[in-house]
J.: 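The structure under discussion is supplied below as structure tokens; questions concerning it will follow.
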Amino acid sequence: MTPTEIKVGSIAGLSSGFGPDTFSASLYGARAYFKALNAAGGVNGRQINLIECDDKGSGDKNAECAHKLVDDDKVFALAGVTAFSYGGAQYINSKGVPDIGGQPVDNSYDQYPHLYSIYGSSYPRDGQRPGYNGTLYAGTEIYRWFKEKLQAKVAGVVYYNVAQSQRYATSIVNGLEKEGYTVVKEEINLGAPAWDSAVLDLKRRGVQVVFDAMDDGGNAQLCNSIESQRMPLQAKVATAQGMANNIRQIYNASPNCRNVIYGTSQSANYSDTSIPQVAQYQKDLQAAAPDRVAKENLWMMEGYASAQWLTDAIRSCGADVTRKCVEAFMNSGKAYNGDGLLINRSFTHAATPSTQSRACLNVTRWQDSANGGKGGWVSQVKDMNTNCFDVPYLPYSAG
């Protein structure tokens, strides 16, 4: 840090084996925010110098990025991070470098005290095992919404025969069963997927709503089979990452399935410019990276919110900006909503896990007819901040 500049680092998988777009969206959002911020004079008179590092989706390369940004570039903090394997997390934490608003792809943000995920946390984050001694918790608000709004009673869960997919699928199944669903599980052999066989079983057993623990490619194949087998479906539920502008391209061969894709999140609908800060985000993204708009997804807006969260923390310090001050802002326990981009969230440190909580949820649905026929995500709830449920929090292994 100098009187005129603050160095901020970001790590993303710009050349990941999963493709250049899978783990890079948050970075583009952070770029857009900081570019607009600098054009407006910076924060407390200082410009943000964003220094990026491509970890190629590798844990070893991620650790190299962490050392480069901290040791060589001397960054003050991190923002807009998406790490498939956060190999540098322990080093970042050991140096007391705050990582603000990162995407928790692995469990590092549930483990280290100087790492703050975009979703907030009440875990101890003591640097030991993630969560509570290796146990994480998830609410059932998503499943409650589909049960109440669509009267869904039978749900399918489709996942790969690999450990990460199986673990996530187990947490979905547990939540669905807790909400009283009849659950049909379909494990897909990643090496020899039998999509039609799985879909025919889902259809035969009367599945109304399908959840998954798969990537875009797998979901596209699943929807193709749902289409070809003429399976009636009320909802195909996507993860937050699946809320993207390229839905039409991914699901090109399955228009019926495509138009019942729902997205759930704890963030605003990035297409809803009636929200002033979403409109500002869209304006800043268009100015900074017009070529990214076609590939825009929710993680991009959350990367923008990550940069904003760090900036607000810096702003709270006045002229005397320190990491201690920034982290005091993050650990204040006060709710933060990014001026409407996020449902209220905070960082607290509960000694024991909560078994029940009031959880709020945003829900969107892809519609080809939206945006004058261009397609887009249409909000399904009047106000994400009041679409709330008292739900149980269920344990699952951090792996």
Side-chain angles (χ1 to χ4, degrees), residues 13 15-23 25 56-58 82 84-85 105-106 142-143 146 152 154-177 181-264 295 297-299 365-366 396-397 399:
S15 55
S16 161
F18 294 93
D21 303 315
T22 305
F23 297 112
K56 305 182 188 302
S58 156
T82 300
F84 174 68
S85 179
V105 179
D106 73 6
I142 294 173
Y143 320 119
F146 284 97
V154 185
V157 180
V158 186
Y159 56 96
Y160 293 130
N161 61 333
V162 294
Q164 285 180 319
S165 182
Q166 290 167 332
R167 262 199 310 273
Y168 182 44
T170 297
S171 73
I172 297 173
V173 170
N174 291 343
L176 287 164
E177 290 180 340
Y181 286 80
T182 298
V183 181
V184 179
K185 296 182 285 186
E186 300 290 347
E187 183 171 278
I188 301 296
N189 185 329
L190 193 57
W195 299 108
D196 285 348
S197 176
V199 167
L200 285 170
D201 190 48
L202 294 172
K203 181 180 179 181
R204 179 179 62 83
R205 296 168 71 177
V207 166
Q208 301 159 297
V209 181
V210 172
F211 296 82
D212 74 89
M214 302 187 299
D215 60 351
D216 282 346
N219 275 296
Q221 293 298 317
L222 176 61
C223 261
N224 287 347
S225 184
I226 287 172
E227 198 92 354
S228 65
Q229 300 303 325
R230 299 182 180 179
M231 175 184 169
L233 194 62
Q234 288 181 279
K236 169 70 182 69
V237 186
T239 61
Q241 187 191 20
M243 291 177 60
N245 278 358
N246 61 352
I247 288 292
R248 228 173 187 158
Q249 287 72 44
I250 294 172
Y251 301 94
N252 180 58
S254 50
N256 293 316
C257 185
R258 179 173 73 230
N259 278 277
V260 293
I261 294 177
Y262 284 75
T264 63
K295 297 182 177 182
N297 64 18
L298 186 66
W299 278 11
R365 179 181 175 182
W366 178 266
Y396 65 98
S397 173

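Residues: numbered from 1 along the sequence shown. The model shown is predicted, which means the values in this text are computed figures rather than measured ones.
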J.: Going by heavy atoms in the side chains, are Ser16 and Thr22 under 4.5 Å from each other?
T.: no
J.: For residues Asn161 and Ile188, determine if any side-chain heavy atom of one lies less than 4.5 Å from a side-chain heavy atom of the other.
T.: no
J.: Counting neighbours of CZ on Arg204 that are heavy atoms of other residues, nucleotides or ligands and sit closer than 6.0 Å, is the number greater than 12?
T.: yes
J.: Could you tell me whether a side-chain N or O of Lys236 sits under 3.5 Å from a main-chain N or O of Cys223, the two making a donor and an acceptor?
T.: no
J.: Would you find more than 12 non-hydrogen atoms of other residues, nucleotides or ligands less than 6.0 Å from Lys295 atom NZ?
T.: no
J.: Among pairs that include at least one residue of residues 250-261, which meet side chain to side chain donor-acceptor pair (under 3.5 Å), considering only residues two or more places apart or in two chains?
T.: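 Found Glu227-Asn256, Arg258-Asp368, Asn259-Asp368.
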J.: Report, as yes or no, whether the 6.0 Å neighbourhood of atom CD on Gln164 holds more than 12 heavy atoms from other residues, nucleotides or ligands.
T.: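 Incorrect, the count does not exceed 12.
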J.: Measure the shortest side-chain to side-chain distance between Met214 and Gln221 over non-hydrogen atoms and say whether it is less than 4.5 angstrom.
T.: no
J.: Ile172 versus Tyr396: any side-chain heavy-atom pair under 4.5 Å?
T.: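 When only atoms from C-beta onward are counted, Tyr396 and Ile172 do not touch, as no gap falls below 4.5 Å.
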J.: List the steps, then state whether ring-ring contact (aromatic ring centres under 6.0 Å, His included) holds for Tyr168 with Tyr159.
T.: CA-CA 9 Å; Tyr168 182 44; Tyr159 56 96; over 10 Å; no
J.: Between Leu298 and Ala240, which heavy-atom pair has the shortest distance, and what is it?
T.: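 Nearest pair, atom of Leu298 first, then Ala240: CB-O, 3.6 Å.
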J.: Compare all side-chain heavy atoms of Ile261 with those of Arg365 and state whether any distance is below 4.5 angstrom.
T.: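 Not in contact.
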J.: Looking only at heavy atoms, what is the nearest atom pair of Val209 and Ala152, with distance?
T.: CG2-CB, 3.4 Å
J.: So, for Ser165 and Ala213, which heavy atoms are closest and what is the spacing to 0.1 Å?
T.: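 Closest heavy-atom pair between Ser165 and Ala213: OG-O, 2.6 Å.
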J.: Are side-chain heavy atoms of Leu222 and Val199 found at a separation under 4.5 Å?
T.: yes
J.: Which heavy atom of Lys203 sits nearest to which heavy atom of Arg230, and what is that distance?
T.: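 The answer is NZ-O, 3.6 Å.
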J.: To the nearest 0.5 Å, what is the distance between CD on Gln249 and CG on Asp216?
T.: 11.5 Å
J.: Distance from Trp366 atom CH2 to Asn245 atom CG, nearest 0.5 Å?
T.: 6.0 Å
J.: Would you say that Glu186 contacts Leu202 through its side chain, given a criterion of any heavy-atom pair below 4.5 Å between the two side chains?
T.: yes
J.: Please list, chain by chain and in numerical order, all residues satisfying side chain to side chain donor-acceptor pair (under 3.5 Å) with Tyr160, sequence neighbours excluded.
T.: Asp215
J.: Nearest 0.5 Å please: distance from the NZ atom of Lys56 over to the OG atom of Ser85.
T.: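 That separation rounds to 15.5 Å.
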J.: Looking just at side-chain N and O atoms, do Asp212 and Asn219 make a donor-acceptor pair shorter than 3.5 Å?
T.: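 Judged by distance alone, the side chains do pair up.
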J.: Decide yes or no for Asn297 and Met243: does some side-chain heavy atom of the first lie under 4.5 Å from some side-chain heavy atom of the second?
T.: no
J.: Is a side-chain N or O of Ser197 found less than 3.5 angstrom from the main chain of Ala194, in a donor-acceptor match?
T.: no
J.: Are the side chain of Gln208 and the backbone of Val154 linked by a donor-acceptor contact shorter than 3.5 Å?
T.: yes
J.: Using 30° and 60° as the class limits, which term best fits the ring planes of Phe146 and Tyr262: parallel, tilted or perpendicular?
T.: perpendicular
J.: Could you walk me through whether Tyr143 and Val237 satisfy the side chain to side chain contact (heavy atoms under 4.5 Å, CB included) test, starting with their C-alpha distance in whole Å, then the side-chain angles of each, then the deciding distance to 0.1 Å, before giving a yes or no?
T.: CA-CA 10 Å; Tyr143 320 119; Val237 186; over 6 Å; no
J.: How long is the straight-line distance from OG1 of Thr182 back to CD of Glu177, given to the nearest 0.5 Å?
T.: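 The OG1 atom of Thr182 is 9.0 Å from CD of Glu177, to the nearest 0.5 Å.
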J.: For the pair Thr82 (side chain) and Phe23 (backbone), establish whether a donor and an acceptor sit closer than 3.5 Å, ignoring hydrogens and angles.
T.: no
